[in-house]
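Written out below as structure tokens is the structure these notes cover.
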Amino acid sequence: MKKIALFGSTGSIGQSTLDIVRAHSSRFQIKILAAGRQVEELARQALEFRPQILVIGVEEAEGKLKEILGTRAADFEILAGPSGLKEAAGRPDLDVVVHGITGAQGLPVSLGALEAGHRLGLANKESMVMAGPLLNALADEKHAEIIPIDSEHCALFQCLLSGKHQDLDKLILTASGGPFRELPKSEFHAVTLERALKHPTWDMGPKITIDSATMFNKALEIVEARWLFDVPREKIEVVVHPQSIVHSMVLWNDGSVISQMGAPSMRIPIQYAMTFPDRLAGTIETYSPEIFNNLNFYAPDTDKFTSLTLGFMAAERGGTYGAVLNAANEEAVSRFMKGNIGFQDIFDRVGQVMERHAPNNDPNLNEILEADAWAREEIARC
Ligand code: MG
């Protein structure tokens, strides 16, 4: 029986994780459920899965959670706020911490889980983008594993098992290209929130869906790959693959290209992180000859998607650039979602903030958080 702590339980990754646990209830047991503010759903999940600990990330929502649970609140230990998230992730006796919280607010969970030496199933790419070298050093020190849940990085992780690091020529990250793959750049200024929220192949939360439309998601994934796999910028490439069947590829120096494929579903990477190095029967159909019928690959348009150039820049320069890229993007997306700035402004403002940044090449955690805060303020000044 593997003991699972699930962070972001009410979001898209969380719901898929719980589907896996339901399908394999003799293998997995939920010990911790943590959500941000969706107290009703968290309470419902708590009564179904009976974890020991419940965490509500937004402190003000704790009262509401207790009110909904009523006398049953006493069945659980309830923690709240960012400190509660970090504390829960560091509790002993956990086999896997599945981390599906979105954004920089997920960093404390990554730190807590690794400090305790737990396996971290990481869907929160932002923490790796912000603090990759710190998380890697912590994982080494505490003998903790980081298993990526991001579909591309799960693919790369699997492909990399087919050779040795020194023989690697390239990591090839695939990208769906999002809903505006074919849209001329001149029309970006008129893109509405509603249009940006319609993703052609993946069903995900709102922030990552906007990030897919801007391809800032891929920019973050370039940096994520740089740190997860200790591969320099020159060995990372992005290829547009609209069908999202090939989840990524590795090119070895002998010319072999190894890929991992399947219908787009996050259940595969989540379950893999929970069972690696073992595999377990899947819960969805991922193979039929038809889905492999018509696969296309081509180079991305970096004149249009300047996000990719910024991602490569952050991967090359390292230091605080990853934190700045991530924070500037989060802040710009939040402003776009509130209707304060246009779609094209996301690219322009993040680019300006990256240009203005005075980097720290070897930052500690506080300096990373300072760079994050600076970038958010700087977006407002653009
Ligand atoms: Mg991805």
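Residues: numbered from 1 along the sequence shown. In this text, all values refer to a predicted model and were calculated from it rather than measured experimentally. For ligands, and for the atoms within them, numbers begin at 1 and follow the listed sequence.
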Among pairs that include at least one residue of residues 135-161, which meet ring pair (Phe, Tyr, Trp, His ring centres under 6.0 Å), considering only residues two or more places apart or in two chains?
-> Phe157-Phe276
Sequence neighbours left out, what pairs pass salt bridge (Lys or Arg N to Asp or Glu O under 4.0 Å) with at least one residue falling in residues 50-59?
-> Arg50-Asp75
Side chains of Asn326 and Glu330: do they bring a donor and an acceptor to under 3.5 Å?
-> yes
Taking NZ, NE, NH1 and NH2 as the nitrogens, is one of them in Lys125 or Glu152 under 4.0 Å from a carboxylate oxygen of the other?
-> no
Output every pair passing salt bridge (Lys or Arg N to Asp or Glu O under 4.0 Å) with a member in residues 234-243, not counting sequence neighbours, ordered by first then second residue.
-> Lys170-Glu237
Is there a donor in the side chain of Asn366 and an acceptor in the side chain of Glu370, or the other way round, less than 3.5 Å apart?
-> no
Counting only protein N/O/S atoms, those under 2.8 Å from the Mg ion (ligand 1) total 3
